[in-house]
Structures are given as structure tokens and as C-alpha cells.
Protein chains: 2
Amino acid sequence: MKTKDRIVQASIELFNAKGERNVTTNHIASHLSISPGNLYYHFRNKEEIIRNIFTKYADHMQVSFEPVKPSQDPVKILTNYLDAVFSALYHFNFLYDNLPVIMARDPELKSQYLDIHNKMMDKIHQLVVSLEVANVIKMDADDIEDFANIIKQQVTFWISYCKTSREDTQITTEMIYHGLLKVLLLFKPYVTQEYREPVREITAHYTALANGESSEQGQPDV
Amino acid sequence: MKTKDRIVQASIELFNAKGERNVTTNHIASHLSISPGNLYYHFRNKEEIIRNIFTKYADHMQVSFEPVKPSQDPVKILTNYLDAVFSALYHFNFLYDNLPVIMARDPELKSQYLDIHNKMMDKIHQLVVSLEVANVIKMDADDIEDFANIIKQQVTFWISYCKTSREDTQITTEMIYHGLLKVLLLFKPYVTQEYREPVREITAHYTALANGESSEQGQPDV
DNA sequence: GTCTATAAATAGATAGAC
DNA sequence: GTCTATCTATTTATAGAC
């Protein structure tokens with residue numbers, strides 16, 4: 001692997017493990033057993049590394065949040081979304097831990113973020129509309145926009161919420177699955193009589209994962 | 001006012017206006033036209049200033065979140081809560097902008113925060129139960145705990161969500177009122193037929209405030 | 001491309017005079 | 001209690017040799 005790619009890869013790992021604010025460019029260099037000068041040959045500064053990681057993140061999001069096909073099984077639409085959320089939170093958790101700070105200090109990154117944010121908002125909106133069309137949920141049309149924002153906020157700051165409201169700040173897959181269950185609870189009161197049972201089954205599935213019981217399908221891929 | 005109190009007061013104002021991470025002890029001192037040495041005579045370090053502010057914040061929370069009296073008008077219970085949330089978000093917005101970072105670097109403060117967090121969770125729990133008892137909402141008993149956590153997360157990270165998802169990061173009263181409306185939307189699907197109209201009226205009230213229309217009761221007190 | 005050595009920039013904090 | 005002057009530590013970033 002090229003040095004440039006190794007720097008990006010190591011940065012993701014170190015940021016996720018120790019928190020972005022606790023990892024300096026020197027830490028990254030020494031972790032890779034290269035010199036700081038070498039690192040600065042490949043990247044002008046730390047923010048350029050983060051912007052590079054963010055591009056990877058944005059690509060990941062675009063791919064994993066597949067466009068909703070109306071023909072799909074409506075229940076599958078929902079689990080696809082939740083699995084994509086899980087994957088993003090897990091693999092890029094350092095971003096979610098520190099989002100306001102990271103964005104406030106780098107206007108260029110903030111602008112990248114706003115772009116992705118808007119695209120994701122559209123996807124969530126589509127998801128909600130699809131569930132409505134498939135008669136899985138029933139919701140006032142006026143509330144869909146606000147509801148989509150609530151979902152987005154709940155997902156985006158779940159990591160932050162866990163880190164602040166618990167003693168133990170280690171990120172685990174179980175912790176993330178608990179967050180997905182909160183998202184399911186947001187949908188719950190809108191679920192139609194017809195789909196109450198399928199949604200209950202999805203909830204049971206993620207509850208098992210949240211309690212550390214292994215799933216028949218194992219850990220999701222990247 | 002004593003110098004020590006002036007330092008705390010100025011710090012709150014500067015932190016709220018510019019963000020905690022952009023305000024150094026030297027900034028605080030020069031804002032008050034005192035020397036850094038003088039500031040350090042009164043506080044051992046910046047974290048001690050923040051802990052001092054946090055104590056003020058904790059007191060504010062304890063007072064403004066009055067214990068729920070079952071005898072009260074159930075609608076009043078809800079507006080009391082929302083007004084208390086507004087006041088906290090407005091007067092201590094710097095804390096909400098930066099919570100995970102501030103708590104992660106100071107274990108003593110984190111422990112103070114966990115204490116207040118748990119107390120607030122209890123209050124929210126009581127609020128939900130009171131609304132159930134008064135027949136304002138109907139909710140599965142199993143969901144109350146998770147629902148209370150969702151409310152808490154939504155409130156705590158509303159400022160962060162706004163700052164990351166908008167171009168303009170200025171905090172306004174209107175922005176905060178929009179957050180309260182999201183909390184009302186969380187309650188909405190659980191509201192009983194009987195209380196649909198009163199809740200609609202509360203929503204209209206906060207919608208007016210969120211749109212910058214002045215309310216008959218004016219800005220809430222500290 | 002990579003290294004060593006070091007400069008530059010902050011921010012946090014202290015010593016000692018008044 | 002307050003000031004001036006300064007020190008230390010940290011982190012980012014660059015120059016120049018190999």
C-alpha cells in the first residue's frame with residue numbers, strides 16, 4: 001500500500017480508537033514508523049487528512065444507502081437503512097464523536113458535510129415516503145420533514161449521547177445496536193396494524209444484537 | 001461584583017458568543033481588562049472556571065425543572081418543561097455545542113455531569129408518567145425509559161445538530177424554539193384523542209415563537 | 001520519498017514585584 | 001489582589017540533507 005493510503009488508514013484507526021482531538025500528526029507518523037516530515041510531504045496538514053477521510057466516508061454513505069426501490073419488500077427497506085447506519089457509525093465513529101468541532105474549524109469540510117447531509121436527508125425522506133406508500137406507517141404529510149430531521153439527529157448524535165451519558169465511553173457494536181433500536185422506537189407509533197408484527201420481528205432481531213447475542217447473519221460487511 | 005464572579009460571568013458570555021474552544025484564559029482576562037496572572041490568582045486553570053460555570057448550570061436546572069405535581073394542569077406540566085429546556089439551551093448554549101469534548105477531558109466535570117444527567121432523566125421520566133396518568137398520552141410502559149432517553153438526546157444535541165446542518169451557525173431564540181417543536185412532535189403520536197386540541201394549541205404557540213412572532217408572554221425569565 | 005533537526009505559533013500557567 | 005514578564009509544553013509545520 002502507498003504511504004499516502006497508509007497514512008489515511010492509520011489515521012482512521014487512531015482517530016476511532018483514541019478520538020480525533022487526541023491524535024496529533026506526530027502520533028500518526030510514529031504509529032506508522034515514518035517521520036513527521038514524510039507525513040507532511042503527503043499532506044499539507046491534519047485537516048487535509050481529515051478531508052481525505054471524509055471523502056471516503058461520503059462515498060461509503062452514497063453506496064450503502066442504496067436508492068429506495070418502490071418494488072422492494074418494505075420491511076427490507078427499513079433494515080437496509082438500519083444496517084447502513086450501523087456500518088457508518090461503526091467505521092467512522094470518530095466523526096460522530098466530534099462533529100461540531102471538526103466542522104466549525106474547517107469551512108471547506110463543513111461545505112462537504114452539508115452536501116452529504118442534504119443527500120442523506122433526501123434518502124431518509126424517501127425512506128419515510130416509501131414506508132407510507134407501502135402502508136407500513138401512517139403519518140401526516142406535514143410531519144414527514146420534521147420527522148426525517150429527528151431521525152437524522154438521533155442517528156448522528158447517538159455516539160455523542162452515549163459518550164456523555166455513560167461512565168464507560170468505549171464504543172461497542174452493542175451500543176450502536178441500542179441506537180438503532182431507538183430509531184425503531186421513533187417509527188413504532190406510526191406503524192399500521194397490518195405491519196405491527198413484522199416491525200416487532202425486526203425489533204427483536206436488533207434487540208438480540210444489542211444484547212450481544214450473535215445473529216444468524218453475523219456482522220455486516222463494510 | 002467580585003473579580004471571581006466577573007471572571008465567571010465574562011467566561012459564560014464569551015464561551016456562548018465565540019465557543020468555548022475559541023476562548024483562552026488570556027481572552028477572558030483581556031476582555032475584563034485584568035491580567036492573566038490575576039485570573040490565575042482566582043482560578044487554578046480554565047477547567048476550574050468551567051466547573052464553576054457548570055455548578056451554576058446544575059443549580060439552574062434543579063430550580064427550573066420544578067418537581068411535577070400531579071395536581072397540576074397536565075398541559076402546564078408540558079409547557080413548564082419546554083420553557084425550562086429553552087432557558088437552559090439559551091443561557092448555556094456553549095455547553096451543548098461542545099459537550100463530548102468538554103466532558104472527555106475533565107473526569108471530575110464528567111462525574112458532575114452524570115449526576116445531573118441522571119436527575120434530569122428522572123424528571124423527564126416523571127413528566128412522561130404524569131402525562132400518562134393525566135390521560136394526555138398513551139404509551140407502552142416498556143417504552144417509557146427509551147422514550148425519555150430520546151427526548152433527552154434530542155434536547156441535548158439540538159444545538160449541535162443546528163450548528164452542523166446549517167450554513168449559519170448563529171444561535172437564535174427562533175432556532176431553539178424549532179427544537180422545542182421537534183420535542184412536541186415526538187409526543188404527538190402518543191397524544192390521546194381527548195388532548196389533541198390542547199397539544200395543537202401548544203404547538204401553535206411555539207410555532208409562533210419559532211417564526212419570530214412575539215408572544216403575549218414575552219421572553220421567558222432566567 | 002524519506003529522514004533529521006528545528007522553527008514557529010499557541011495556549012496554559014507561574015514567579016516575583018507592587 | 002493585581003500587575004508584568006516570562007517559562008513550559010504542545011502541536012503544527014518547514015528546511016535541507018540523503
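The chains referred to below are lettered A, B, ... by the order of the sequence lines, with proteins before strands, and numbering in each begins at 1.
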Rounded to whole Å, how long is the line connecting atom CG of B:L39 with atom C1' of C:dA11? 13 Å

Gap between atoms CD1 and C1', on B:I50 and C:dA11 respectively (whole Å): 13 Å

Is the centre of the B:F92 ring less than 6.0 Å from the centre of the B:F15 ring? no

A:D106 and A:K110 ion-paired at < 4.0 Å: no

OP1 or OP2 of C:dT10 versus the side-chain N and O atoms of B:T24: is any pair under 4.0 Å? no

Rounded interatomic separation in angstrom, taking CG from B:N38 and C1' from C:dT14: 14 Å

Can you check whether A:S35 has a side-chain N or O nearer than 4.0 Å to OP1 or OP2 of C:dT2? no

Distance check needed: D:dT12 C1' versus A:R44 CZ, whole Å only. 14 Å

Ring centroid separation A:F187 to A:Y190 under 6.0 Å: no

Non-hydrogen side-chain atoms of A:K123 and A:L127 separated by less than 4.5 Å: no

With DNA chain C as reference, determine whether B:V23 or A:P36 sits nearer its 5' end, using the nearest nucleotide of each. A:P36

Length of the line joining A:H42:NE2 and C:dT2:P, which is rounded to integer Å: 4 Å

May I have the distance from A:I49 (atom CD1) to D:dT11 (atom P), rounded to whole angstrom? 15 Å

For A:E20 and D:dT12, give me the distance from atom CD to atom P, rounded to whole Å. 9 Å

Residues B:E48, B:K4: salt bridge by 4.0 Å N-O rule: no

With nearest nucleotides of DNA chain D determined for A:Y41 and A:R21 from heavy-atom distances, which residue corresponds to the more 5′ nucleotide? A:R21

Return the 5'-most residue of the pair B:K2, B:G37 with respect to DNA chain D, ranking by each residue's nearest nucleotide. B:K2

Assign B:N26 to base, sugar-phosphate, or nothing according to its heavy-atom contacts below 4.0 angstrom with the strands shown. nothing

Can a side chain N or O of B:T3 be found less than 4.0 Å away from OP1 or OP2 on D:dT2? yes

Between A:N22 (CG) and D:dT10 (P), how many Å, whole number? 13 Å

